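Working notes, structure below.
Order of the sequence lines sets the chain letters (A, B, ...), proteins ahead of strands, with each chain counted from 1. Please read all numbers here as calculations on a predicted model, not as lab measurements.
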There are 2 protein chains.
Amino acid sequence: MVKELDEKIDTLPDHVGWRLWQASRAWQAEFAAAMRAAGHGWFTEARAGLLGYIGRNGMRQSALIERSAISKQAIQQLLDGLEAEGIVERMPDPQDGRGKLVRYTSRGLDALRDGDRVKMEIERRYVSRIGEERFTALMGALRALAAREAAAMDEDAGAEGEVVESK
Amino acid sequence: MVKELDEKIDTLPDHVGWRLWQASRAWQAEFAAAMRAAGHGWFTEARAGLLGYIGRNGMRQSALIERSAISKQAIQQLLDGLEAEGIVERMPDPQDGRGKLVRYTSRGLDALRDGDRVKMEIERRYVSRIGEERFTALMGALRALAAREAAAMDEDAGAEGEVVESK
DNA sequence: TCCATATAGTCAAGATACTTGACGACATTC
DNA sequence: GAATGTCGTCAAGTATCTTGACTATATGGA
């Protein structure tokens with residue numbers, strides 16, 4: 001079947017962006033399927049993306065905005081959904097009358113635990129597929145890339161600042 | 001700035017899925033920004049994803065559906081958009097009265113060329129960020145993962161087939 | 001104290017990228 | 001040539017995210 005596909009397809013892209021995209025999508029599909037199988041039918045990609053930023057001890061909605069680089073309105077809508085599903089709850093911040101605290105419900109913490117388990121299972125599967133050495137190299141490269149990316153963005157920001165100044 | 005962020009964030013995820021997602025998004029953002037800068041304002045992520053599947057010589061809409069694993073309706077809508085932008089054109093398939101051929105316009109081919117250039121630039125940047133060795137390792141791991149992924153899916157499909165049969 | 005300004009969150013409307021379902025035109029097969 | 005299947009389309013609905021406008025609260029002076 002794979003061979004058939006290879007024959008049919010004249011030019012399948014093979015550059016970093018494509019590979020990263022495919023790998024990312026495959027991981028997400030695997031994760032989402034496992035989560036739904038574990039009874040978390042409310043689970044979607046966008047929600048997962050947001051939940052990744054919420055610390056286990058809860059946090060300010062505004063802190064979530066800072067971290068996730070999603071617009072506050074989008075976050076609000078995602079939180080509305082998650083709240084309706086009973087995964088998180090919002091309560092007024094006693095420290096600041098304007099703010100609200102977001103934290104996991106017990107159901108949300110259950111989901112979090114399941115999520116961690118699933119992640120470990122997928123990781124194990126990946127290691128068995130490509131070998132520990134390759135997997136380690138993959139993680140190392142991705143971490144390095146993320147670190148340099150952040151550094152480059154800082155430089156860009158600095159450079160942009162200079163450009164603005166010189167105007 | 002990076003340090004500040006590290007201090008503020010108690011638990012940033014560090015698993016394959018997260019890293020792949022971040023890397024993929026970063027690449028896409030870089031690519032999209034460069035494409036827009038090159039005058040291709042019509043460029044969006046979803047469209048890029050679809051264009052990746054269209055061979056330079058054009059192809060049947062139905063073939064596109066097979067390859068991309070997106071619903072035919074979604075593909076149609078994306079193609080509608082791309083056609084309206086003058087990137088691709090659709091013509092009846094002389095071989096099959098039902099089918100239509102999708103192929104790039106000359107404007108589309110220009111965009112494709114720019115895309116290739118941008119990809120190479122990004123790749124060069126990546127290599128200079130993390131080193132050639134690490135970059136090669138990254139690509140190798142991603143390719144291996146994709147190949148094993150496909151193989152695993154075939155196995156699953158086979159297993160599912162058996163299950164259906166045994167019903 | 002009171003006012004100006006900034007910040008936290010909400011409400012509303014619209015765009016994009018999908019989905020499912022129903023359908024008409026053409027092909028294939030028996 | 002009639003049943004069946006495939007190809008593309010039309011229509012409607014959903015999820016995610018965006019921009020813009022708004023309310024309530026906080027803060028830092030005059």
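- Rounded to a whole Å, the CD atom of A/E85 is 13 Å from the C1' atom of D/dA15.
- Among the atoms of the strands shown, base atoms are found under 4.0 Å from some heavy atom of A/S71.
- We find that B/D116 and B/R113 are not joined by a salt bridge, their nearest charged nitrogen and carboxylate oxygen being 4.0 Å or further apart.
- Here B/S62 reaches the OP1 or OP2 of D/dG8: one of its side-chain N or O atoms lies under 4.0 Å away.
- Residues A/D14 and B/K119 are not paired through a salt bridge, judged by the lack of any N-O separation under 4.0 Å between the basic side chain and the carboxylate.
- A salt bridge links A/E121 with A/R117: at least one charged nitrogen is closer than 4.0 Å to a carboxylate oxygen.
- The side chain of A/A46 sits closest to D/dC17 out of D/dC17, C/dC11, C/dA27.
- For B/R47 and C/dA15, the CZ to P distance is 14 Å, given to the nearest whole Å.
- The CD1-C1' distance, from A/I70 to D/dT19, rounds to 16 Å in whole Å.
- In this model, a side-chain donor or acceptor of B/Q77 finds a partner on the base of C/dC18 within 3.5 Å.
- Residue contacts shown for A/L78 are limited to sugar-phosphate atoms, with no base heavy atom under 4.0 Å away.
- Look at CD on B/Q76: it is 18 Å from P on D/dT6, rounded to the nearest Å.
- B/E83 and B/K100 are not joined by a salt bridge, as no carboxylate oxygen comes within less than 4.0 angstrom of a charged side-chain nitrogen.
- Atom C1' of nucleotide C/dC23 and atom CZ of B/R98 are separated by 16 Å, given to the nearest angstrom.
- Within the nucleic acid shown, A/D96 comes within 4.0 Å of sugar-phosphate atoms alone, with no base atom in reach, counting heavy atoms only.
- If you take CZ of B/R60 and P of D/dC7, they are 6 Å apart, rounded to a whole angstrom.
- Of all nucleotides listed (C/dT10, C/dT19, D/dT16), C/dT10 comes nearest to the side chain of A/Q61.
- Atom-to-atom, CE of A/M91 to C1' of C/dG9 comes out at 16 Å; the value is rounded to the nearest Å.
- At a cut-off of 3.5 angstrom, the base of C/dG9 holds at least one donor-acceptor pair with the side chain of A/K72.
- Projected onto DNA chain D by closest heavy-atom contact, A/Q95 and A/E45 fall at different nucleotides, the more 5' of which corresponds to A/E45.
- Contacts of B/R90 with the nucleic acid, taken as non-hydrogen atoms under 4.0 Å apart, involve only primed sugar atoms and P, OP1 or OP2.
- Atom CG in A/L64 sits roughly 12 Å away from atom P in C/dT10 (whole-Å rounding).
- A donor N or O paired with an acceptor N or O is not found under 3.5 Å between the base of C/dG9 and the side-chain atoms of A/Q73.
- Distance from the side chain of A/T44 is smallest for D/dT16 among the nucleotides C/dG9, C/dC18, D/dT16.
- Under a 4.0 Å N-O distance rule, the pair B/D110/B/R107 does not qualify as a salt bridge.
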